[in-house]
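To keep things clear, I will list the structure first and then write my remarks on it.
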Amino acid sequence: MADAGTAGTADDEPGGAPSEERTQEPAGGPKGGLARRERDILALERRGFPGPGAKERAIREELGLSPVRYYQLLNALLDDTRALAHDPVTVNRLRRIREARRAER
């Protein structure tokens, strides 16, 4: 029976790639929900931060990501229909901000 457990692990991570880098695959549940890290990113975006640097510090400490990688993942998440279904208020607010910044350029 131990072989079945290891076979599932090998199938979950083809080529030995870390599962944390595969953000588009539904790892949140049987209905194709968001992965834990994706939910954590949206939760961080719902929070307010007192001053400059506080958000970047939270990104590093709570998520273990560099701010650059965090914003890359967040930007991709804003285009994900699963994220919209999970937290429509936050996703739509961030989409409006993103579009306004693009229009300024």
Side-chain angles (χ1 to χ4, degrees):
M1 294 292 168
D3 291 335
T6 53
T9 305
D11 291 341
D12 291 342
E13 298 184 33
S19 60
E20 66 186 41
E21 291 300 318
R22 300 178 326 186
T23 59
Q24 294 301 316
E25 292 188 17
K31 294 183 181 179
L34 295 174
R36 171 67 184 218
R37 183 168 67 172
E38 294 167 328
R39 292 190 309 267
D40 290 346
I41 288 171
L42 290 175
L44 193 88
E45 282 300 316
R46 282 192 301 268
R47 292 171 33 194
F49 293 93
K55 184 175 184 178
E56 286 73 16
R57 188 169 39 256
I59 290 167
R60 289 184 189 281
E61 292 174 2
E62 296 175 24
L63 300 177
L65 296 170
S66 71
V68 170
R69 182 66 179 143
Y70 170 83
Y71 287 111
Q72 289 172 340
L73 293 171
L74 176 62
N75 196 44
L77 199 52
L78 294 182
D79 296 325
D80 192 330
T81 56
R82 295 175 300 136
L84 184 61
H86 177 76
D87 191 348
V89 173
T90 302
V91 171
N92 283 325
R93 177 178 58 84
L94 294 171
R95 283 178 175 180
R96 284 191 304 270
I97 292 169
R98 181 175 68 178
E99 290 304 316
R101 288 182 178 156
R102 284 181 180 169
E104 289 177 2
R105 292 184 213 168

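As a basis for the values below, the full set of heavy atoms in this structure was taken, side chains included, without hydrogen atoms, waters or symmetry mates.
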Separation between [atom1] of [X] and [atom2] of [Y], rounded to the nearest 0.5 Å:
X: Ile97; Y: Arg102; atom1: CD1; atom2: CZ; value: 13.0 Å
X: Glu99; Y: Leu78; atom1: CD; atom2: CG; value: 10.0 Å
X: Leu94; Y: Arg46; atom1: CG; atom2: CZ; value: 10.5 Å
X: Leu73; Y: Leu63; atom1: CG; atom2: CG; value: 9.5 Å
X: Ile59; Y: Ile41; atom1: CD1; atom2: CD1; value: 9.0 Å

Under the salt bridge (Lys or Arg N to Asp or Glu O under 4.0 Å) rule, what pairs show up with a residue in residues 58-68, not counting sequence neighbours?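 Residue pairs with at least one partner in residues 58-68: Arg47-Glu62.
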Determine, step by step, whether Val91 and Leu77 satisfy the side-chain contact (heavy atoms from CB on, under 4.5 Å) criterion, reporting the C-alpha distance in whole Å, the side-chain angles of both residues, the deciding distance to 0.1 Å, and the verdict. CA-CA 8 Å; Val91 171; Leu77 199 52; over 6 Å; no
Using the test side-chain hydrogen bond (donor to acceptor under 3.5 Å, both in side chains), find all partners of Arg98 that sit at least two apart in sequence or belong to another chain.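 Partners of Arg98 by the side-chain hydrogen bond (donor to acceptor under 3.5 Å, both in side chains) criterion, ordered by chain and then number, come out as Asn75, Asp79.
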For [X], all residues meeting salt bridge (Lys or Arg N to Asp or Glu O under 4.0 Å), sequence neighbours excluded:
X: Arg101; answer: none
X: Arg95; answer: none
X: Glu104; answer: none
X: Glu56; answer: none

Check the pair Phe49, Leu44 against side-chain contact (heavy atoms from CB on, under 4.5 Å), reporting the backbone distance first and the verdict last. CA-CA 10 Å; Phe49 293 93; Leu44 193 88; 3.9 Å; yes
side-chain contact (heavy atoms from CB on, under 4.5 Å) against Val89, all qualifying residues, sequence neighbours excluded: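 For Val89 the side-chain contact (heavy atoms from CB on, under 4.5 Å) partners, ignoring immediate neighbours, are Asp87.
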Set of side-chain contact (heavy atoms from CB on, under 4.5 Å) partners for Pro50, sequence neighbours left out: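 With sequence neighbours excluded, Pro50 shows a side-chain contact (heavy atoms from CB on, under 4.5 Å) to Ala54, given in chain and number order.
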Nearest non-hydrogen partners of Glu45 and Thr90, listed with the distance: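 It is CB-CG2, 4.0 Å.
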